[in-house]
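A quick note: this is a predicted structure, and the numbers were derived from the prediction, not measured. Sequence positions, counted from 1, serve as the residue numbers for this chain.
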Amino acid sequence: MLRALQSTSPLLTRTFWSHVPMGPPDPIIGVTEAFNRDTNPNKMNVGVGAYRDDEGKPFVLPSVRAAEERLLSQKLNHEYLPTHGCPHFRDAAKKLGFGADSPAVTGNLIASAQSISGTGGLRIGGMFLKKFHGSKAIYLPSPSWGNHTPIFRDSGLEVKSYSYFKKDTKSLDLPNMLADIGNIEEGATILLHACAHNPTGVDPTQEEWDEISHAIKKKNLLVFIDMAYQGFASGSVEKDAYAVRKFVADGHKILLSQSFAKNMGVYGQRCGAFSIVAEDAEQAAAVESQLKIIIRPLYSSPALNAARLVTTVLTDPELHAQWLIDVKGMADRIISMREALKSGLAREGSVHNWDHLTNQIGMFCYTGMNPEQVERLIKEFSVYLTKDGRISIAGVSSRNVDYLASAMHQVTK
């Protein structure tokens, strides 16, 4: 009888998830999967945004390794952190981002929370804006990091864009950027990349940042800064924080998302911070209380080991000094590979202008190659990258830079 019911009842035979479609593959993960299947001994993966040393291996910073060993020797427990994270970590992150002597820091004007890396910080910020900000519009640079749109869209915000990159010169399109800012409705949120813009590698100069700050202030826009590469872009944590500190000095009450994935190499630890500059300490306390309310049903408590590692590096004078050397070393290697690639293309006889390879900064470079040229790179040379022509300079080493230069010349000549 039961068997008969099971075979005839639509309620018993229906599958709950038959209507769920297959999702599209992630373009970055797809690049890596194709690379892994390739048997060419000369294959290169310049699609993934993770630093590699000159041997092409993952790199653990000496300062982080030392902090790891020190923490292990202390035989610490594994209790929960507070909902908004380790207080020592949050204090250290504020000082690194805003500057230890910033009035926003010394005056207790910053509401903050430890986040699940930069992605988590952006999502917390998006949800806070949805809940408390009058305007639900957020403007992203065109182009921007691919995850920005789904993060803010799924937070309930209306995602729009403003001009940023000039394709023909592969540089900042400042005139159109300022014009677009002038047309944004008052009170809307504008997202900026603090340094090492992803995916283009094109950053404003300090003088251009000053102009941008003035234009945004004139329109009374709320500024949200994504700082995923402090120190990793130029090699200087102070220089890379210029935009953050300039905007605060100019009176902007910014939102800031910080990631320690790149500049400390703690990718899998998922360590970040989210901050909001308030008008006074009382307002900061109220905002911080709401951040905890947002976080509690999301993930309840952030990563403990991540906070311990980063806090140890940032607060121990010896380890902090070593970290500054470590992060500059990573940035310098990236810069040297940009120079080597440009020189290699010249040796190959390329007649194109490749100045943008060295004018751009940070992990990523917009090469200007079109989808057809990218397809040839993949099929003919086993060089794997995304279709937009963006390459991760972190995947380039002294052992393969000439091969890459030759391949790029062949597909672009």
Among pairs that include at least one residue of [range], which meet salt bridge (charged side-chain N to carboxylate O under 4.0 Å, His left out), considering only residues two or more places apart or in two chains?
range            : result
residues 247-268 : Lys246-Asp250
residues 357-371 : none
residues 31-54   : Asp54-Arg333
residues 60-77   : Arg65-Glu68, Arg70-Asp316

Please check if any side-chain donor atom of [X] sits under 3.5 Å from a side-chain acceptor atom of [Y], or the reverse.
X      : Y      : value
Ser382 : Asn40  : yes
Ser112 : Arg90  : yes
His193 : Ser144 : yes
Asp173 : Tyr162 : no

Parallel, tilted or perpendicular, judged at 30° and 60°: which one describes the rings of [X] and [Y]?
X      : Y      : value
Phe232 : Tyr229 : tilted
Phe247 : His252 : tilted
His148 : Trp145 : perpendicular

In Å, rounded to the nearest 0.5 Å, how long is the span from [atom1] of [X] to [atom2] of [Y]?
X      : Y      : atom1 : atom2 : result
Ile212 : Ile181 : CD1   : CD1   : 6.0 Å
Cys195 : Asp226 : SG    : CG    : 9.5 Å
Ser301 : Leu298 : OG    : CG    : 12.5 Å
Ile276 : Leu222 : CD1   : CG    : 8.5 Å
Leu255 : Leu122 : CG    : CG    : 10.0 Å

Would you call Arg399 and Glu55 a salt bridge, taking side-chain N to carboxylate O under 4.0 Å as the test?
-> yes
NZ/NE/NH1/NH2 to OD/OE distance under 4.0 Å, Asp402 and Arg347 = yes
Once side chain to side chain contact (heavy atoms under 4.5 Å, CB included) is applied, do any residues pair with [X], and if so which ones, sequence neighbours excluded?
X      : answer
Ser117 : Ser259, Ala261, Arg270
Ser350 : Leu345, His352, Trp354, His409
Asp26  : Ile28, Ile29

Quick one: closest heavy-atom pair of [X] and [Y], and the distance?
X      : Y      : value
Val31  : Leu385 : CG2-O, 3.6 Å
Phe364 : Pro199 : CB-O, 3.6 Å
Ala93  : Gln258 : O-NE2, 3.1 Å
Leu96  : Gln230 : O-NE2, 2.8 Å
Met369 : Gln373 : CA-OE1, 3.2 Å
Ala233 : Asp240 : N-OD2, 3.2 Å

Is there side-chain contact between [X] and [Y], with heavy atoms separated by less than 4.5 Å?
X      : Y      : result
Val105 : Asp91  : no
Asn198 : Arg390 : yes
Glu158 : Ile138 : no
Phe165 : Ser142 : no
Phe224 : Leu129 : yes
Met264 : Val313 : yes
Val396 : Arg338 : no
Lys160 : Leu140 : no

Passes side chain to side chain contact (heavy atoms under 4.5 Å, CB included), Lys170 versus Gln360? Steps please.
-> CA-CA 9 Å; Lys170 304 172 189 66; Gln360 295 172 14; 4.1 Å; yes
Would you check if the side chain of [X] reaches a backbone N or O of [Y] as a donor-acceptor pair within less than 3.5 Å?
X      : Y      : answer
Tyr80  : Leu304 : no
Ser392 : Val48  : yes
Tyr267 : Tyr51  : yes
Arg376 : Pro371 : no
Asp326 : Ser63  : yes
Arg123 : Ser115 : no
Glu288 : Ala285 : no
Gln114 : Gly272 : no
Thr312 : Ala67  : no
Lys387 : Val374 : no

Going by ring pair (Phe, Tyr, Trp, His ring centres under 6.0 Å), name the residues that satisfy it together with [X], two or more places apart in sequence or in a different chain.
X      : value
Phe260 : Phe89
Phe381 : none
Tyr403 : none

Count the heavy atoms of every other residue, nucleotide or ligand shown that sit under 6.0 Å from NZ of Lys218, and state whether that count exceeds 12.
-> no
Mark yes when over 12 heavy atoms from residues, nucleotides or ligands other than Arg296 sit less than 6.0 Å from its CZ; otherwise mark no.
-> no
CA sep, side-chain torsions, deciding dist, call: Arg245, Glu238, salt bridge (Lys or Arg N to Asp or Glu O under 4.0 Å) | CA-CA 9 Å; Arg245 298 173 186 182; Glu238 305 299 323; 2.4 Å; yes
Enumerate the residue pairs fulfilling side chain to side chain donor-acceptor pair (under 3.5 Å) with a member in residues 125-140, sequence neighbours excluded, ordered by first and then second residue.
-> Tyr139-Glu185
Give the table of side-chain donor-acceptor pairs shorter than 3.5 Å for residues 277-284, with sequence neighbours excluded, one pair per line with atom names and distance.
| from | atom 1 | to | atom 2 | distance (Å) |
| --- | --- | --- | --- | --- |
| Asp280 | OD1 | Glu282 | N | 3.2 |
| Asp280 | OD1 | Gln283 | N | 2.7 |
| Gln283 | OE1 | Glu279 | N | 2.7 |

